Undergrad: 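I'd like to ask you about the structure that follows.
Numbers here simply count residues along the sequence, with the first being 1. Predicted model, so just to flag it, every value in this text is computed and none were measured.
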Amino acid sequence: MGPVSLPPKPQSLSAWEDLAKMTHLQAGLSPDTIEKARLELNENPDVLHQDIQQVRDMIITRPDIGFLRTDDAFILRFLRARKFHQPDAFRLLAQYFQYRQLNLDMFKNFKADDPGIKRALIDGFPGVLENRDHYGRKILLLFAANWDQSRNSFTDILRAILLSLEVLIEDPELQINGFILIIDWSNFSFKQASKLTPSILKLAIEGLQDSFPARFGGVHFVNQPWYIHALYTLIKPFLKDKTRKRIFLHGNNLNSLHQLIHPEFLPSEFGGTLPPYDMGTWARTLLGPDYSDENDYTHTSYNAMHVKHTCSNLERECSPKPMKRSQSVVEAGTLKHEEKGENENTQPLLALD
């Protein structure tokens with residue numbers, strides 16, 4: 001056996017400090033995930049500090065934006081979201097803070113015990129499955145018919161989704177592996193859909209597609225009626241080409257869904273082998289162990305921006321009405337092959353106010 005070659009020894013204390021810092025930033029990642037980051041995201045631990053510093057050095061070019069957080073771990077998630085292309089990562093970082101500057105009301109009291117966010121979480125917006133899929137991605141669920149418009153504004157639902165993503169993206173494994181979103185449109189009425197105006201849909205697209213450092217591997221529509229096809233046509237111009245390619249319109253074709261997400265990772269609502277999804281699962285995670293199935297919980301809450309628990313008094317009027325989970329119109333195991341062109345929208349666009 002020939003001589004074993006060792007990596008070059010850093011020539012200064014500063015180099016040793018940089019090496020230790022980079023090791024810390026990748027701490028907790030599995031060897032497979034580190035290799036995935038190298039192959040798919042161009043992440044190189046040898047130059048991680050330089051990559052981060054290059055993004056940080058660009059901040060001076062946008063004096064109009066208040067960059068409220070610029071530590072290494074925070075900037076790293078933006079680099080991972082843009083495959084370590086520094087200009088794109090900085091653009092995303094700038095848009096993240098600019099979006100918050102332009103929508104200040106959305107981010108006031110931005111934590112789980114905010115009354116509006118709390119109601120949305122309790123009503124299952126979003127649902128978050130405990131286990132990840134076969135690619136290590138976290139699966140988020142939205143049962144659209146559960147949107148009680150007398151209880152939850154669309155903005156509060158969006159705030160609850162963004163808050164949930166803030167909590168989840170703290171996990172470096174998810175920064176690399178990303179997320180999957182499944183939206184079940186079963187029993188979602190035309191009247192409910194008419195409230196999805198272009199302005200609020202654009203607000204959601206800007207917040208999720210353009211301003212958040214998450215990798216979405218797919219957005220899956222299930223059991224969508226014709227008017228959701230119409231809405232999709234309406235928002236298409238606001239979607240990037242990469243985003244459009246990751247939106248899948250399955251209708252009631254569970255077979256096509258299972259080709260992309262294996263049934264063993266899905267609840268029975270989507271023809272999976274897991275039990276039906278418990279709407280309280282994620283709300284209990286953020287609101288604390290005192291949350292009960294009767295929604296008569298106490299005051300533990302989760303502050304996503306600092307990832308720590310705080311306490312506050314909850315108001316009685318926030319106690320939600322009993323909610324019924326939206327069930328898939330397709331029973332578990334019932335599959336259908338769609339005819340060619342079935343997903344094409346041939347209906348007129350909704351008259352949205």
Undergrad: Using the rule that Ile, Leu, Val, Met, Phe, Trp and Tyr join whenever any side-chain heavy atoms are under 4.5 Å apart, tell me whether Leu102 and Phe110 fall into a single cluster.
TA: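 The answer is no; the residues belong to distinct hydrophobic clusters.
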
Undergrad: Identify, with sequence neighbours excluded, every residue that meets ring-ring contact (aromatic ring centres under 6.0 Å, His included) alongside His262.
TA: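 ring-ring contact (aromatic ring centres under 6.0 Å, His included) list for His262, sorted by chain: His134.
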
Undergrad: Going by side-chain hydrogen bond (donor to acceptor under 3.5 Å, both in side chains), name the residues that satisfy it together with Asp51, two or more places apart in sequence or in a different chain.
TA: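 Residues passing side-chain hydrogen bond (donor to acceptor under 3.5 Å, both in side chains) with Asp51: Gln86.
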
Undergrad: Asp241: which residues meet the salt bridge (charged side-chain N to carboxylate O under 4.0 Å, His left out) condition with it, sequence neighbours left out?
TA: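 So Asp241 forms a salt bridge (charged side-chain N to carboxylate O under 4.0 Å, His left out) with Arg244, Lys245.
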
Undergrad: Is Asp156 reaching over with its side chain to a backbone N or O of Asn152, donor-acceptor style, under 3.5 angstrom?
TA: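 No, because the side chain of Asp156 does not come within donor-acceptor range (under 3.5 Å) of the backbone of Asn152.
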
Undergrad: I'd like to know if Lys36 and Glu43 make a salt bridge, using a cut-off of under 4.0 Å between side-chain N and carboxylate O.
TA: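 Salt bridge flag = no for Glu43 with Lys36.
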
Undergrad: If only atom types and distance count, is the side chain of Gln101 paired as donor or acceptor with the main-chain N or O of Gly66 below 3.5 Å?
TA: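 Such a contact is found between Gln101 side chain and Gly66 backbone.
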
Undergrad: Has Glu264 got more than 12 heavy atoms of other residues, nucleotides or ligands less than 6.0 Å from its CD?
TA: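 Count over threshold, so yes.
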
Undergrad: Test of understanding: with side-chain hydrogen bond (donor to acceptor under 3.5 Å, both in side chains), list the residues that count as partners of Thr155, not counting sequence neighbours.
TA: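 Counting only residues at least two positions away or on another chain, Thr155 forms no side-chain hydrogen bond (donor to acceptor under 3.5 Å, both in side chains).
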
Undergrad: Under the rule for ring-ring contact (aromatic ring centres under 6.0 Å, His included), what residues qualify as partners of Phe188, not counting sequence neighbours?
TA: Trp185

Undergrad: Can you list the steps and then say if Leu141 with Leu129 is a side-chain contact (heavy atoms from CB on, under 4.5 Å)?
TA: CA-CA 8 Å; Leu141 308 175; Leu129 294 185; 3.6 Å; yes

Undergrad: Partners of Asp64 by side-chain contact (heavy atoms from CB on, under 4.5 Å), sequence neighbours excluded?
TA: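 side-chain contact (heavy atoms from CB on, under 4.5 Å) list for Asp64, sorted by chain: Arg62, Gln98.
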
Undergrad: Is NZ or CZ of Arg100 both nearer than 6.0 Å to the six-membered ring centre of Tyr96 and within 45° of the ring axis?
TA: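 Judged by the rule, Arg100 and Tyr96 form a cation-pi pair.
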
Undergrad: Mind checking whether Arg284 and Asp278 have side chains closer than 4.5 Å, heavy atoms only?
TA: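 A side-chain contact under 4.5 Å exists here.
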
Undergrad: Salt bridge or not for Asp88 and Arg91, using N-O below 4.0 Å?
TA: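 Yes, charged N to carboxylate O under 4.0 Å.
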
Undergrad: Would you compute the distance between atom CZ of Phe265 and atom OG1 of Thr273 and round it to the nearest 0.5 angstrom?
TA: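 Between atom CZ of Phe265 and atom OG1 of Thr273 there are 9.0 Å.
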
Undergrad: Does some side-chain heavy atom of Leu140 sit less than 4.5 Å from a side-chain heavy atom of Leu165?
TA: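 A side-chain contact exists here, since the closest heavy-atom pair is under 4.5 Å.
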
Undergrad: Quick one: salt bridge (charged side-chain N to carboxylate O under 4.0 Å, His left out) partners of Lys240, sequence neighbours excluded?
TA: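 With sequence neighbours excluded, Lys240 shows a salt bridge (charged side-chain N to carboxylate O under 4.0 Å, His left out) to Asp210, given in chain and number order.
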
Undergrad: Between atom OG1 of Thr33 and atom CD of Glu173, what is the distance when rounded to the nearest 0.5 Å?
TA: 3.5 Å

Undergrad: Can you list the steps and then say if Met279 with Asn146 is a side-chain contact (heavy atoms from CB on, under 4.5 Å)?
TA: CA-CA 10 Å; Met279 283 294 171; Asn146 277 5; 3.5 Å; yes

Undergrad: Is the backbone of Met106 close enough, under 3.5 Å, to the side chain of Arg159 for a donor and an acceptor to pair up by distance?
TA: yes

Undergrad: Can you name the residues that form a ring-ring contact (aromatic ring centres under 6.0 Å, His included) with Phe216, not counting sequence neighbours?
TA: Phe179

Undergrad: Restricting to non-hydrogen atoms, name the atom on Ile169 and the atom on Pro213 that form the minimum distance, rounded to 0.1 Å.
TA: CD1-O, 3.5 Å

Undergrad: Is there a donor-acceptor pair under 3.5 Å between the side chain of Tyr277 and the backbone N or O of Val128?
TA: yes

Undergrad: Is the ring pair Phe74/Phe97 parallel, tilted or perpendicular, if the boundaries are 30 and 60 degrees?
TA: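 Ring orientation of Phe74 relative to Phe97: tilted.
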
Undergrad: In Å and rounded to the nearest 0.5 Å, what is the CZ to CD1 distance from Phe90 to Ile75?
TA: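 Spacing of CZ (Phe90) from CD1 (Ile75) equals 9.5 Å.
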
Undergrad: Checking Gln209 side chain against Phe238 main chain: does a donor-acceptor pair fall under 3.5 Å?
TA: yes

Undergrad: How about Asp184 and Ser186: does a side-chain donor come under 3.5 Å of a side-chain acceptor?
TA: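 The criterion, which ignores hydrogens and geometry beyond distance, is satisfied for Ser186 and Asp184.
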
Undergrad: Please name the pair of heavy atoms, one in Pro263 and one in Gly271, separated by the smallest distance, quoted to 0.1 Å.
TA: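 Taking every non-hydrogen atom into account, CB-O, 4.1 Å.
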
Undergrad: Do you know the tightest heavy-atom contact between Glu170 and Glu166?
TA: CG-O, 3.5 Å

Undergrad: Below 4.5 Å, heavy atoms only, C-beta onward: do Ile228 and Phe221 meet side chain to side chain?
TA: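 Yes. Closest side-chain heavy atoms under 4.5 Å.
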
Undergrad: Kindly say whether Ile117 contributes a backbone atom to a donor-acceptor pair with the side chain of Asp114 at under 3.5 angstrom?
TA: yes

Undergrad: Could you check whether any side-chain heavy atom of Leu196 comes within less than 4.5 Å of a side-chain heavy atom of Leu234, counting everything from C-beta outward?
TA: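 No, side chains not in contact.
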
Undergrad: What about Leu260 and Leu274, same hydrophobic cluster or not, with Ile/Leu/Val/Met/Phe/Trp/Tyr joined at side-chain heavy-atom distances under 4.5 Å?
TA: no

Undergrad: Tell me every residue that passes side-chain hydrogen bond (donor to acceptor under 3.5 Å, both in side chains) with Glu35, counting only those two or more places apart in sequence or in another chain.
TA: Arg38

Undergrad: Do you know which two heavy atoms are closest between Ser194 and Thr197, and how far apart they sit?
TA: O-CG2, 4.4 Å

Undergrad: Run the salt-bridge test on Lys138 and Asp171 with the 4.0 Å N-O cut-off and return the result as yes or no.
TA: no

Undergrad: At their closest point, which heavy atom of Leu162 faces which heavy atom of Gly207, and how far apart are they?
TA: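 For Leu162 versus Gly207, the nearest heavy atoms are CD2-O, 3.8 Å.
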
Undergrad: Assess the residue pair Ile139 and Phe270 against the criterion (side-chain contact (heavy atoms from CB on, under 4.5 Å)); give the C-alpha distance rounded to whole Å, side-chain angles, the decisive distance to 0.1 Å, and a yes or no.
TA: CA-CA 12 Å; Ile139 301 175; Phe270 303 103; over 6 Å; no

Undergrad: Check for a donor-acceptor pair, side chain of Gln149 on one end and backbone N or O of Lys195 on the other, with a separation under 3.5 Å.
TA: no

Undergrad: When you compare the side chain of His229 with that of Leu249, does any pair of heavy atoms fall below 4.5 Å?
TA: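 Yes - at least one pair of side-chain heavy atoms lies under 4.5 Å apart.
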
Undergrad: To the nearest 0.5 Å, what is the distance between OH on Tyr99 and CG on Leu203?
TA: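 If I round to the nearest 0.5 Å, the distance is 3.5 Å.
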
Undergrad: What distance do Thr243 atom OG1 and Lys236 atom NZ have between them, rounded to the nearest 0.5 Å?
TA: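 Answer for the OG1-NZ pair, Thr243 versus Lys236, is 12.5 Å.
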
Undergrad: Any donor-acceptor pair under 3.5 Å linking the side chain of Arg77 with the backbone of Pro172?
TA: no

Undergrad: Should we count CG of Leu104 as having more than 12 external heavy atoms under 6.0 Å?
TA: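 Yes, CG of Leu104 has more than 12 neighbouring heavy atoms, counting only those of other groups under 6.0 Å.
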
Undergrad: List the residues meeting salt bridge (charged side-chain N to carboxylate O under 4.0 Å, His left out) with Lys191, not counting sequence neighbours, and say none if there are none.
TA: none

Undergrad: For Lys202, enumerate each residue passing the side-chain hydrogen bond (donor to acceptor under 3.5 Å, both in side chains) test, keeping only those at least two apart in sequence or located in another chain.
TA: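 Expected list: Glu206.
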
Undergrad: Give the intermediate values and the outcome of side-chain contact (heavy atoms from CB on, under 4.5 Å) for residues Ile180 and Tyr135.
TA: CA-CA 10 Å; Ile180 292 291; Tyr135 292 117; over 6 Å; no

Undergrad: Who passes salt bridge (charged side-chain N to carboxylate O under 4.0 Å, His left out) against Asp57, sequence neighbours left out?
TA: none

Undergrad: Would you call the rings of Phe248 and His250 parallel, tilted or perpendicular, where under 30° means parallel and over 60° means perpendicular?
TA: parallel

Undergrad: Roughly how far, to the nearest 0.5 Å, is CG of Leu93 from CZ of Arg82?
TA: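 The distance works out to 11.5 Å.
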
Undergrad: Over all heavy atoms of both residues, which pair between Ala81 and Ala214 is shortest? Give the atoms and the distance, please.
TA: CB-N, 4.3 Å

Undergrad: Any side-chain heavy atom of Leu25 sitting closer than 4.5 Å to one from His49?
TA: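 Answer no - side chains too far apart.
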
